[in-house]
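So that we are looking at the same thing, I have put the structure below in structure tokens.
No experiment lies behind these values; they were computed from the predicted model shown. Just so it is clear, the values below take in all heavy atoms, side chains as well, and ignore hydrogens, waters and symmetry mates.
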Amino acid sequence: MANTQAICDTFRVDLLNGTHAFGTQGANGVRTVTTKDIFKAALYFATATYNRSTTVYSATGEVASAGYSAGGLAVTNATVPANTGGTGIVAFWTPSASLAWTGVTIAAFDAMLLYNSSNTAGNACAVFTFGSQTVTAGNFTLTMPTNDLTTGLLRLS
């Protein structure tokens with residue numbers, strides 16, 4: 001099997017249920033916490049099977065290495081979600097910093113799961129794939145795209 005890039009099916013439902021807060025918000029009937037949620041990025045071996053059906057974070061198939069903590073790393077979230085106006089409205093959000101792991105030795109990994117670590121289930125947002133990588137006693141960085149309507153990491157239309 002293989003990892004497949006996709007926004008997770010449950011993420012769309014979670015958005016409608018008010019499960020995720022990528023930015024600060026006013027208290028409402030569903031969420032009483034007004035702060036942003038904490039999102040994490042976990043890396044997975046190429047032999048894992050993460051895809052649009054992924055519902056929550058799991059350690060199954062996750063990489064293991066010195067320099068890598070189970071559950072991945074916290075995503076820097078200083079970017080306010082935004083949207084475009086007019087026809088073809090797109091809402092978008094991108095982490096405000098690249099994701100970097102230092103001093104790792106990992107063979108044959110090709111995916112990152114973005115998930116919400118603020119809720120107890122660790123609800124999945126999206127799976128992002130890249131060509132299979134091997135790092136030996138080195139650093140691995142996922143450079144984030146520009147936060148706009150055409151390249152934002154998460155885009156909804």
**Q.** Side-chain heavy-atom pair L43, E62 within 4.5 angstrom cut-off
**A.** no
(Q) Checking one residue: Y50. Which other hydrophobic residues are in its cluster under the side-chain 4.5 Å linking rule? (A) Y44, Y57, L113, Y115, V127
**Q.** Criterion side chain to side chain contact (heavy atoms under 4.5 Å, CB included) on V75 and L99, from CA distance to verdict
**A.** CA-CA 7 Å; V75 173; L99 306 172; 4.0 Å; yes
**Q.** Between CG on residue D14 and CG on residue N123, distance to nearest 0.5 Å
**A.** 4.5 Å
Q | Min side-chain heavy-atom separation R52-R12 under 4.5 Å | A | yes
Q: Consider only side-chain heavy atoms of I, L, V, M, F, W and Y, link residues closer than 4.5 Å, and tell whether V56 and L15 are in one cluster.
A: no
Q: Report the C-alpha separation of T19 and N119 in whole Å, then their side-chain angles, then the decisive distance to 0.1 Å, and conclude whether the side chain to side chain contact (heavy atoms under 4.5 Å, CB included) test is met.
A: CA-CA 8 Å; T19 301; N119 60 52; 3.7 Å; yes
Q) Side chain of R155, backbone of T150: donor and acceptor closer than 3.5 Å? A) yes
Q.
What I want to check is whether the side chains of D148 and T146 have a donor and an acceptor closer together than 3.5 Å.
A. no
Q. Can you find a heavy atom in the side chain of V104 that is under 4.5 Å from one in the side chain of V63?
A. no
Q. Does D37 reach the main-chain N or O of A21 with its side chain, forming a donor-acceptor pair under 3.5 Å?
A. yes
Q: Could you walk me through whether S117 and K40 pass the side chain to side chain contact (heavy atoms under 4.5 Å, CB included) test, one step at a time?
A: CA-CA 6 Å; S117 68; K40 286 193 167 184; 3.7 Å; yes
Q. Does a donor on one side chain sit under 3.5 Å from an acceptor on the other, for N147 and T94?
A. yes
Q: State, yes or no, whether a side-chain contact exists between F22 and V80 at a heavy-atom distance under 4.5 Å.
A: no
(Q) Distance check, rounded to the nearest 0.5 Å: L153 atom CG versus L114 atom CG? (A) 6.5 Å
(Q) Would you say that more than 12 heavy atoms from the other residues, nucleotides or ligands in this model lie under 6.0 Å from the CG of L73, or not? (A) yes
Q) Say you draw a straight line from CH2 of W101 to OG1 of T141; how long is it, rounded to the nearest 0.5 Å? A) 8.5 Å
**Q.** Verdict with reasoning, N3 to F45, per side chain to side chain contact (heavy atoms under 4.5 Å, CB included)
**A.** CA-CA 9 Å; N3 297 304; F45 289 114; over 6 Å; no
**Q.** Aromatic ring proximity, centroids under 6.0 angstrom, Y68 and F109
**A.** no
Q | Shared hydrophobic cluster for F128 and L156 (ILVMFWY, side-chain gaps under 4.5 Å) | A | yes
Q: Could you tell me how the ring of W93 sits relative to the ring of F39: parallel (under 30°), tilted (30 to 60°) or perpendicular (over 60°)?
A: tilted
Q: For the pair T102 (side chain) and N139 (backbone), establish whether a donor and an acceptor sit closer than 3.5 Å, ignoring hydrogens and angles.
A: no
Q.
Under a 3.5 Å threshold, yes or no: a donor from one side chain and an acceptor from the other, between H20 and N116?
A. yes
Q) Is any side-chain heavy atom of Q133 less than 4.5 Å from a side-chain heavy atom of F140? A) yes
Q: Determine the minimum heavy-atom distance between A91 and N83, stating which atoms define it.
A: CA-CB, 3.8 Å
